[in-house]
Amino acid sequence: MKKTNKALPLVLASALAATPFVAVPHAQAISSLEISADDDGAGEDSKYDIEFRLDKALESGDYIYVEFDSDYTVSKSIGSSDIKADFDIKSVKVSGREIQIRIDEDLDKGDDVSFTIKDGITNPDDKGSYSVDVKTTNENVKSKKVTIKGSSSSSSSSSKGDYSVTLGSKASGDTTSIKLGEISLKKSVKLETNETITVIFPSSSMLPSKIDSDDVKVNGSVAKEVKVKSDEVTIKVPSGANKDSYINLEFTKSAGIENPKTGDYTIKVKYDGSTYESKKFEVTKSGSGSSSTSSDAFTVSLSDPSAGARSSYTFDADFGNKKLMSDEDLILEFPSADMIPGILTYSDFTLNGKTAKRASASGNKVYITAPSGFSSSSEVKVVVSFGAWISNPKTAGTYTLKASIEGKTLESKSFTINGSAVNPTPTNPTNPTNPTNPTTPTPNVVNNSTATIALTSNALGKPTGVNIAIKGMGIGLVKQRDFVELVFPAGYKVPAYIAPANVSVNGVGANYVAVRGQNVLIYPAQDIPAATAANITITAAANIVNPTVKNAYSISVFTSEEKGLLFARAVGVGMPSPAQPAPQPTTPTPAPQPSVTVPTNAALFKVNTANFTLHGKTYPLQVAPYIAGGNTTMVPAQFFKEALALTTQWNNQSVAIISGTKAIKFTVGSNKAKIGNQEITLPTAVVLNNGMPMIPVRFVTDNLGYQVGWDAKTSSVFVYK
């Protein structure tokens, strides 16, 4: 930018001073406008050099506008990196055929301004004269005609068949290496370090979401940076190719580029405003002489193929041009949700021999997170161990398994499940587990009003045993498959692992014990028919530690087969335990269960029902509450605002719930929450459902001092303070 302002001659300055002030129009046209095309051929991509003089000063944040004639094509992807200017640029935006350049410095009246639009402009298809308009925030439009010729006037601009494409494999669907070049650049143009080469592929489906720079070479040197967007790969020129007058590009097979469908194709390369198109290359049918490496159908191996049996699952899958990266999920889709236990342990899942970082389930899908530092790969060996407690379908037949990464889903070859279910349901009247109990009572005849929970020690901060006496199961439990779930309130320390030897059910050691946060899942080693009592003993050796604050704490009991809470009991820590209900006299008909008194200020909701009740009135919820992971109740963020009158703010990315000086912050898609500066792990991640973030209700109520109860009469959860 040239500064051309000069001091006024003394005589002229004096004359101006004596002249009465006359108002002038606010805006006037810029002057000395010059526009030139680097390539004036019809239909060609070209750089455009623009120069003009300011007659009105511009301030930082003001705009320069360039609008091309309607016959031009202007790319919407033009950004700051595509414009080389002698002034600082804050941002660039494209609207139709107008390029809006926001400046980042003050420019004075009389300054000569120049800049080059290096990429993104395609000339009209027909020869002729076309207008290009330039204006600023403070000055009106100035037009300039640009003459476009019938063919390119540049000897080395875009030309078809300019260079060859060599594929490592020509088979459709194969992941392949690719070599492009040699591409001779136009006269006087040379590669410059950090400048961008853009490669345009025939289809975006050929490209993975990411390509490592190590998998791309420019003139034999590893690329400085590689980015993928739609059907384009942008490559920053490395220092090893600086000042070269040609381009050779190499993509290794591990870059993950996949051949398109059978046919003839070309690839385009853009650099410094010019486009170079390759000769046509052929993609043949899969299997015509080349070995395809991206077969969708992988083979699943089971340790036990019996119907209903607990089994390991192992397979190798090749996702072609998609790679599993560290901290990203591989999703397994099983034939049915009842194959998956209520709790998953990450150590039971390995990816390419590495233990998973996380494992979680939703319905019939299992999400396995690759560990940090996982070597990205399109070929993934998945092992779901016997200890994961995945069970086979209960009916003999043929089934498939699906696996997905980065939106690409592969389906396995069919595998066969043999025989009949190994764990017949004990509550089936035609096949009773207990000959003395040939019929299955309905769930509502079981009365657990006298069920008890007792601690072996109520000392503050000390390990304690726990004894649970369940008077009867509403629905029977099948050994090794179903479970009893104990939920310990905040304040208790529950270890990450509890040995089955430290837990017994009706005097028999548990078959398996899983821990998920404050929840303990106990899988009995024997069937427990409906209406049968279950006495659960957890010894102090399990290392469940009492809270350090004197109070009464409520422990809840659930089962995998019954909806809602089975019962909850308060236990005293640091003080005598609350008296348990007195045994009821034996009568031919069980005494009616006393109803719970719901506080008048409580807000009530039901799982899978999109409303809540407050002060006797019902209000709608955008999304119905639901159970996630078998034991975590999720409610919409709206519930905390409208039902509990808490200050609640949310959008598609985050949620903040505020009570007094305490604020809880959530991130959609994350299982982490922040209370002040403390980061806490949630039992399940916050998710977006129909535009509404869904939050684990107990996490909020426990941390903000709210109480949660169960009203069996209306099958509702109630929350109050």
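Heavy-atom basis, side chains included; hydrogens, waters and symmetry copies ignored.
Atom OH of Tyr346 has 12 or fewer heavy atoms from other residues, nucleotides or ligands within 6.0 Å. Within 6.0 Å of the NZ atom in Lys217, the count of heavy atoms belonging to other residues, nucleotides or ligands does not exceed 12.
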Audit row: Val226, Asp212, side chain to side chain contact (heavy atoms under 4.5 Å, CB included) steps and yes/no: CA-CA 7 Å; Val226 179; Asp212 293 337; over 6 Å; no

Check against side chain to side chain contact (heavy atoms under 4.5 Å, CB included), Met473 and Thr559: CA-CA 9 Å; Met473 297 290 182; Thr559 77; 4.0 Å; yes

Test log, rule side chain to side chain donor-acceptor pair (under 3.5 Å), inputs Ser311 and Asp304: CA-CA 5 Å; Ser311 178; Asp304 186 343; over 6 Å; no

Ile657 vs Phe666, side chain to side chain contact (heavy atoms under 4.5 Å, CB included): CA-CA, chis, key distance, verdict: CA-CA 9 Å; Ile657 301 174; Phe666 304 90; 3.9 Å; yes

Test log, rule side chain to side chain donor-acceptor pair (under 3.5 Å), inputs Ser404 and Thr409: CA-CA 4 Å; Ser404 304; Thr409 300; 2.7 Å; yes

Ile522 and Leu486: CA distance, side-chain angles, deciding distance, side chain to side chain contact (heavy atoms under 4.5 Å, CB included) verdict: CA-CA 8 Å; Ile522 300 166; Leu486 309 180; 4.0 Å; yes

Test side chain to side chain donor-acceptor pair (under 3.5 Å) applied to Asp327 and Ser372, step by step: CA-CA 6 Å; Asp327 298 312; Ser372 300; 3.0 Å; yes

Step-by-step ring-ring contact (aromatic ring centres under 6.0 Å, His included) determination, Tyr265 to Phe201: CA-CA 9 Å; Tyr265 298 91; Phe201 286 84; over 10 Å; no

Pair Ser377-Ser375, side chain to side chain donor-acceptor pair (under 3.5 Å): steps then yes or no: CA-CA 6 Å; Ser377 177; Ser375 297; over 6 Å; no

Between side-chain atoms of residues 681-701 and protein atoms elsewhere (two or more places apart, or another chain), which donor-acceptor pairs fall under 3.5 Å?
residue: Thr681; atom: OG1; partner: Lys672; partner atom: NZ; Å: 2.8
residue: Thr701; atom: OG1; partner: Val697; partner atom: O; Å: 3.2
residue: Thr701; atom: OG1; partner: Arg698; partner atom: O; Å: 3.2

Indicate every side-chain donor-acceptor pair of residues 493-506 with a distance under 3.5 Å to a residue at least two apart or in another chain.
residue: Asn506; atom: OD1; partner: Asn535; partner atom: N; Å: 2.7
residue: Asn506; atom: ND2; partner: Ala533; partner atom: O; Å: 3.3

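At a threshold of 4.5 Å between non-hydrogen side-chain atoms, the residues Tyr367 and Asp329 count as touching. Taking 4.5 Å as the limit, every side-chain heavy atom of Phe483 sits out of range of all side-chain heavy atoms of Leu477. Side-chain contact between Glu225 and Ile235: absent, with no pair of heavy atoms (C-beta onward) separated by less than 4.5 Å. Residues Val366 and Ile331 have side chains not in contact (no heavy-atom distance under 4.5 Å, counting atoms from C-beta outward). Inter-residue side-chain proximity for Lys354 and Pro371 is flagged as met; some heavy-atom pair is nearer than 4.5 Å. Side-chain contact between Ile470 and Val484 is present, with at least one heavy-atom pair separated by less than 4.5 Å. At a threshold of 4.5 Å between non-hydrogen side-chain atoms, the residues Val717 and Thr633 do not count as touching. Counting only heavy atoms from C-beta outward, the side chains of Phe349 and Val383 never approach each other to under 4.5 Å.
A salt bridge links Lys210 with Glu328: the closest approach of a Lys/Arg side-chain nitrogen to an acidic carboxylate oxygen falls below 4.0 angstrom. Comment: Lys323 engages Asp215 in a salt bridge, judged by a side-chain N to carboxylate O separation of less than 4.0 angstrom. The pair Glu258-Lys408 counts as a salt bridge, with a side-chain nitrogen and a carboxylate oxygen less than 4.0 angstrom apart.
With hydrogens and angles disregarded, a donor-acceptor distance shorter than 3.5 Å links the side chain of Gln638 to the backbone of Gln622. Between the Ser172 side chain and the Pro260 main chain, a donor and an acceptor come within less than 3.5 Å of each other. In this structure, Asn418 contributes its side chain and Ala307 its backbone to no donor-acceptor pair below 3.5 Å.
Counting all heavy atoms, side chain and backbone alike, Trp650 lies closest to Lys641 at CZ3-CD, 3.9 Å. In plain terms, the two heavy atoms of Lys381 and Thr314 that are nearest each other are CE-CG2, 4.1 Å. Heavy-atom minimum distance, Glu485 versus Asn519: OE2-ND2, 2.9 Å.
Here the straight-line distance linking atom NZ of Lys179 with atom CG of Leu167 works out to 11.5 Å at 0.5 Å rounding. A distance of 5.5 Å separates CD in Gln526 from CD1 in Ile528, rounded to the nearest 0.5 Å. Separating the CZ atom in Phe386 from the OG atom in Ser312 is a distance of 8.0 Å, to the nearest 0.5 Å. How far CD1 of Ile555 is from CD1 of Ile453: 5.5 Å, rounded to the nearest 0.5 Å.
Ring geometry, Tyr512 versus Tyr523: the interplanar angle falls from 30° to 60°, so the pair is classed tilted.
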